[in-house]
Engineer: 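Before anything else, here's the structure in question.
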Amino acid sequence: MRRIFIFLSILIITSLACGGAPTPPPTPETSIFDSTQTAYGFFPAPPEVTFESVLQTFKDIAQHGDFVLIQKNIEWESFVNSVDGESQIRTDLINQVILARQNDLDTIFVLDALNGLNRREFDGLPFGWEASFANPDVRMAYKNYAIWVAQNFKPRYLGLASEINTYMDAHPEDAPNFISLYHEIYALIKAESPKTQVFVTFQWDDLNNMFPQPEEGNRQKLQPNWEQMEAFEPNLDVWVISTYPYFIFPTGTDIPADYYSPLLSRTLKPVAVAEGGFSTVAFNQFTHTPEDQVAYLNAIHTQLGSRMVFWVNTLLSDFNLDSYTKGMTSSNDATMLGNFAYTGLREFDGTAKPALALWDGFRTSSP
């Protein structure tokens, strides 16, 4: 999904630039995260590639959510030598937080080193850099990036990787290097911002071996690889997953009644969904319907709701594919975008799907 949000970044940077680097807004005095309620949010992804659509998206999210999840890749060369400085990613993050604050939305951050279209590889490493979490430059840039976010935003929740188990599967020899880096950064963040809850996200469907791969060996479906999650303990403040079960199940009602609930029996810590959704339109190999999306939301709420501290449905509104594909040169990117384009709770023109009322009902009745 990363390339999708490049469009968003460019729009925000271009439209909000007003000479010089923007100043991070102050941390809100009160937050939804201070309550015992589940916080509901979305990625700030507009249905169309226009500045007007960006601004409207933040306004619309405020009507149906409490926060935006901002997930950004690392600008390696900008952070390898220093925490402070001026750069595109710093400006972009500050501007997105400004837009969130203007619309009374809180923010969750997820830092990402990997390619969003192929989480088995790094994203954007400078020429000559070794693609390994043992690389001292990679480790220093990652640390400085995390410290900068912690210093400037004091976020309540900060993720240090997205769907990291997919990389661990592909590169088991490098997994210990990332785990050690995570523990080092965890300590640095706690020193800078003690209230920040630190985590990484795990791709739940893959963790359950629903996409059989050679590196999984003889592990069967629906047998979670708990070792990968527990390798981050005792410094995993929240157990956080992503899930797109429509890649697996023919309908939403086919999601097993105990598909997500094993999380609650495996840990006593809070749980969360940082990314996910269910497609509602026949596209490529998918033949799902809006009713399937309702069943998916019910599955998450029923199985995890009692301990879920935050919940992200990736999109509020579907993408207008015509708007997005105009800027794409690869048919593969367009196909990948289409696979996720219809997971919004509204159509791209704002028409509500049946799942939106259910989502709003969960949110307003959250304990």
Side-chain angles (χ1 to χ4, degrees), residues 1 4-5 7-9 11-13 15-16 22-72 92-110 149 152-159 272-277 293 297 300-301 305 308-320 323 343-367:
M1 292 287 282
I4 298 170
F5 300 112
F7 291 111
L8 172 65
S9 301
L11 283 168
I12 291 176
I13 293 169
S15 56
L16 295 185
T23 301
T27 302
E29 293 184 4
T30 60
S31 168
I32 182 66
F33 302 134
D34 294 328
S35 72
T36 59
Q37 300 177 5
T38 300
Y40 290 73
F42 304 89
F43 279 55
E48 297 185 323
V49 187
T50 67
F51 175 54
E52 292 76 17
S53 187
V54 170
L55 294 183
Q56 190 61 46
T57 294
F58 277 85
K59 293 178 182 178
D60 291 343
I61 289 175
Q63 299 300 311
H64 303 284
D66 308 299
F67 67 92
V68 292
L69 188 145
I70 301 174
Q71 181 169 314
K72 294 294 295 180
D92 183 26
L93 283 172
I94 293 171
N95 282 336
Q96 290 196 54
V97 173
I98 289 172
L99 281 176
R101 298 286 187 267
Q102 288 173 347
N103 289 278
D104 296 322
L105 292 165
D106 215 312
T107 49
I108 290 175
F109 294 87
V110 175
V149 171
N152 283 276
F153 304 117
K154 305 294 186 192
R156 182 60 57 91
Y157 294 101
L158 174 57
V273 178
E275 180 182 340
Q293 187 179 57
L297 291 186
I300 292 285
H301 186 263
M308 190 162 51
V309 291
F310 66 83
W311 183 2
V312 175
N313 196 83
T314 303
L315 301 182
L316 171 59
S317 301
D318 291 346
F319 290 137
N320 180 347
S323 178
T343 59
L345 304 182
R346 313 188 313 176
E347 298 175 19
F348 77 82
D349 63 1
T351 302
K353 300 178 186 179
L356 183 61
L358 183 65
W359 172 273
D360 288 342
F362 288 155
R363 177 171 172 251
T364 55
S365 63
S366 180

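Quantities reported herein were computed from a predicted structural model and do not represent experimental measurements.
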Engineer: Go through the steps to decide whether Leu315 and Leu345 satisfy the test side-chain contact (heavy atoms from CB on, under 4.5 Å), and finish with yes or no.
Structural biologist: CA-CA 7 Å; Leu315 301 182; Leu345 304 182; over 6 Å; no
Engineer: Mark yes or no for whether Thr314, through its side chain, and Glu275, through its backbone, hold a donor-acceptor pair below 3.5 Å.
Structural biologist: no
Engineer: How about Phe43 and Gln71: do any of their side-chain heavy atoms sit closer than 4.5 Å?
Structural biologist: yes
Engineer: Are the ring centres of Trp359 and Phe42 closer than 6.0 Å?
Structural biologist: yes
Engineer: Using a 4.5 Å cut-off on heavy atoms from C-beta on, say whether the side chain of Phe67 contacts that of Val312.
Structural biologist: yes
Engineer: Using atom types as modelled and distance alone, determine if a side-chain donor or acceptor of Ser35 lies under 3.5 Å from a backbone N or O of Ile32.
Structural biologist: yes
Engineer: The criterion is side chain to side chain donor-acceptor pair (under 3.5 Å); which residues satisfy it with Asp106, sequence neighbours excluded?
Structural biologist: Ser31
Engineer: Thr30: what forms a side-chain contact (heavy atoms from CB on, under 4.5 Å) with it, not counting sequence neighbours?
Structural biologist: none
Engineer: Roughly how far, to the nearest 0.5 Å, is the CD1 atom of Ile300 from the OG1 atom of Thr38?
Structural biologist: 11.5 Å
Engineer: Considering residues at least two apart in sequence or located in another chain, which fulfil the side-chain contact (heavy atoms from CB on, under 4.5 Å) criterion with Asn320?
Structural biologist: Glu48, Asp322, Ser323, Phe348
Engineer: Looking at every heavy atom in both Ala355 and Gln293, which two are closest together, and how far apart are they?
Structural biologist: CB-OE1, 3.3 Å
Engineer: How long is the span from the CZ atom in Arg156 to the CD1 atom in Ile108, to the nearest 0.5 Å?
Structural biologist: 10.5 Å
Engineer: Under the ring-ring contact (aromatic ring centres under 6.0 Å, His included) test, which residues partner Tyr157, sequence neighbours left out?
Structural biologist: Phe33, Phe310
Engineer: To the nearest 0.5 angstrom, please state how far the CD atom of Gln37 sits from the CZ atom of Phe362.
Structural biologist: 15.0 Å
Engineer: Here's a test for you: under side chain to side chain contact (heavy atoms under 4.5 Å, CB included), which of Leu316, Val54, Leu55 qualifies with Pro46?
Structural biologist: Val54
Engineer: Hey, could you give me each pair passing side-chain hydrogen bond (donor to acceptor under 3.5 Å, both in side chains) that has a residue in residues 57-66? Not counting sequence neighbours.
Structural biologist: Gln56-Asp60, Asp60-Arg346, His64-Asp360, Asp66-Arg363
Engineer: Quick one: list whatever passes side chain to side chain donor-acceptor pair (under 3.5 Å) with Asp104, sequence neighbours left out.
Structural biologist: none
Engineer: Does Pro44 reach the side chain of Gln96, with side-chain heavy atoms less than 4.5 Å apart?
Structural biologist: yes
Engineer: Strictly by salt bridge (Lys or Arg N to Asp or Glu O under 4.0 Å), give each pair with a member in residues 309-318 just once, sequence neighbours left out.
Structural biologist: Asp318-Lys353
Engineer: For the residue pair Phe109 and Lys72, establish whether any side-chain heavy-atom pair is separated by less than 4.5 Å.
Structural biologist: no
Engineer: Counting distance only, does the side-chain N/O of Ser365 pair as donor-acceptor with the main-chain N or O of Gly361 below 3.5 Å?
Structural biologist: yes
Engineer: Identify, with sequence neighbours excluded, every residue that meets side chain to side chain donor-acceptor pair (under 3.5 Å) alongside Thr23.
Structural biologist: none
Engineer: List the atom of Pro22, the atom of Asn95, and the distance in Å for their closest heavy-atom pair.
Structural biologist: CG-OD1, 3.6 Å
Engineer: Measuring from atom CD1 of Ile70 to atom CG of Leu158, what distance do you get when rounded to the nearest 0.5 angstrom?
Structural biologist: 11.5 Å
Engineer: For the residue pair Val68 and Ala100, what are the closest heavy atoms and their distance?
Structural biologist: CG2-CB, 4.0 Å
Engineer: Would you compute the distance between atom CD1 of Ile98 and atom OG1 of Thr107 and round it to the nearest 0.5 angstrom?
Structural biologist: 12.0 Å
Engineer: Taking only residues two or more places apart in sequence, or in another chain, which ones meet Ala62 in a side-chain contact (heavy atoms from CB on, under 4.5 Å)?
Structural biologist: Asn103, Leu105
